[in-house]
There are 2 protein chains.
Amino acid sequence: MTVAASTRTDDIRAAALELFTRNGYTATTMADIGAAVGMRGPSLYKHVASKQDLLVQIMTGTMDALLAAHRAAVATTSDPVERLRRAVDAHVRYHARHRLEAFVGARELRSLAEPHREAVLRRRDEYERGFRGLVHDGAEAGRFRVQSVRLASYAILDLGMGIAAWYRADGELSENEVAWQYTEFALRLVGAG
Amino acid sequence: MTVAASTRTDDIRAAALELFTRNGYTATTMADIGAAVGMRGPSLYKHVASKQDLLVQIMTGTMDALLAAHRAAVATTSDPVERLRRAVDAHVRYHARHRLEAFVGARELRSLAEPHREAVLRRRDEYERGFRGLVHDGAEAGRFRVQSVRLASYAILDLGMGIAAWYRADGELSENEVAWQYTEFALRLVGAG
DNA sequence: CTCCCAGGCTAACAGTCATTAGCCCGCAGG
DNA sequence: CCTGCGGGCTAATGACTGTTAGCCTGGGAG
């Protein structure tokens, strides 16, 4: 049986994610991560390759998931306004649902060693270009009123990043409320309100 | 003569700010900072108290300046829409002009030791409440159409944070262009467009 | 019952840092 | 000329960290 494999490894990854988010990558020690899952630091090496590898897994996994969500969102319609609405919805929900991953993904790029950093950066650029394209198409079609496509898409992307910083699943604002409000914000922002 | 005091100390602070921004506080060594100003690590102690002190100066100085700019901006009028416009303008310009300070201020809170962290957090809360108040007043007066005052002010604040991440003084967008666009964004966002 | 090994542990290594101690040089004031 | 010292340097210290080596145990396979 090779089903439902390494719970242990997953636990470790989850603990690392939590600690990286709260204290940062460099300030988190292997001993800390071990303590969080009930073992000593060196024992972790029976399950993971290295501390850096833990970060790599988190960051590349995150970008892949985000890109996938984006592609799925824009593939469902060709109306520019609706495409942007769905992309923002996916963006916001991703940052709310995976706020730890998003948080670490945004803040620890500099802790990522070089073969991987470039790869993550490339995917992030691709994501950014995707949004810029959506805003551009909507403006082209006369559905948006924007002066700078670049500025507007930066603004929309930054809204999502912000969510990862303050959203709490057990807070007084539900994911739906946040998603609805923020898509509204984004559409108003590009003058499609 | 006690005029035009420590150029040396200022140079060191500037170099530290630059390095903290690019590599993060923990990843920056005293030797790095020293090299940036042309001396060895230990020599820095003839000018500054400690590495932590460097961070403290940067972060508290930043929050004070931001709060001062905010107060000055909202003191100049009592019209809710205009007050928000000016507050956002100050917010955006501050984050563009002092992007390094803003960047470090947002990202290195966790590296700040405890007497000071609390103090910075308190001032940040105060700043946040200021914006929330502006949005609330405008909504109360029927000039804004917002569902959640809190969400709208978070969104506006996050826009500024984003600027600190990508703005470059020598980029293709001038401070004025960014400021005008972003105040427009903020006003559209609260439905005052 | 025996054997194996997954998975934990401690000890040790090698490296990195912030910070301190103590030295020394050049120059400004007398 | 000398002397004090601002401000630089090297060496040393002490703490911490990621990672490796090697040991031990308990439970499942045969």
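Lettering of chains follows the sequences in order, A, B, ..., and the numbering in each one begins at 1. Remember, predicted model here, so these are calculated numbers, not experimental data.
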Taking atom types as modelled and ignoring hydrogens, do the side chains of A:Y154 and A:R150 form a donor-acceptor contact shorter than 3.5 angstrom? yes
Flag yes if more than 12 heavy atoms outside A:Q147 fall under 6.0 Å of its CD atom; otherwise flag no. no
Compute whether any side-chain donor of one residue and acceptor of the other, for A:H91 and A:Y127, lie under 3.5 angstrom apart. yes
Are a donor atom and an acceptor atom from the side chains of B:R86 and B:T76 found within less than 3.5 Å of each other? yes
Quick one: which protein N/O atoms are closer than 3.5 Å to N/O atoms of nucleotides 3-8 of chain D? Pair and distance per line, please.
{"unit_1": "D:dG7", "atom_1": "N7", "unit_2": "B:K46", "atom_2": "NZ", "d": "3.2"}
{"unit_1": "D:dG8", "atom_1": "OP1", "unit_2": "B:R8", "atom_2": "NH1", "d": "3.4"}
{"unit_1": "D:dG8", "atom_1": "OP2", "unit_2": "B:H47", "atom_2": "NE2", "d": "2.3"}
{"unit_1": "D:dG8", "atom_1": "O6", "unit_2": "B:K46", "atom_2": "NZ", "d": "2.7"}

Nearest whole angstrom, please: distance from the C1' of C:dA6 to the CG of A:L44. 15 Å
Measure all distances between protein nitrogen or oxygen atoms and nitrogen or oxygen atoms of nucleotides 13-19 of chain D, and list the pairs falling under 3.5 Å.
{"unit_1": "D:dG18", "atom_1": "OP1", "unit_2": "A:T28", "atom_2": "O", "d": "3.2"}
{"unit_1": "D:dG18", "atom_1": "OP1", "unit_2": "A:K51", "atom_2": "NZ", "d": "2.8"}
{"unit_1": "D:dG18", "atom_1": "OP2", "unit_2": "A:M30", "atom_2": "N", "d": "2.9"}
{"unit_1": "D:dT19", "atom_1": "OP2", "unit_2": "A:Y45", "atom_2": "OH", "d": "2.3"}
{"unit_1": "D:dT19", "atom_1": "OP2", "unit_2": "A:K51", "atom_2": "N", "d": "3.0"}
{"unit_1": "D:dT19", "atom_1": "O5'", "unit_2": "A:Y45", "atom_2": "OH", "d": "3.0"}

Short question: side chain of B:H116, backbone of B:L112 - any donor-acceptor pair under 3.5 Å? no
Tell me whether the guanidinium CZ or amine NZ of B:K51 lies under 6.0 angstrom from the six-membered ring centre of B:Y45 and within 45° of its axis. no
Between A:Y25 and A:Q52, do the side chains contain a donor N or O and an acceptor N or O under 3.5 Å apart? yes
For the pair A:F131 and A:H70, name the ring-plane relationship: parallel under 30°, tilted 30 to 60°, perpendicular over 60°. tilted
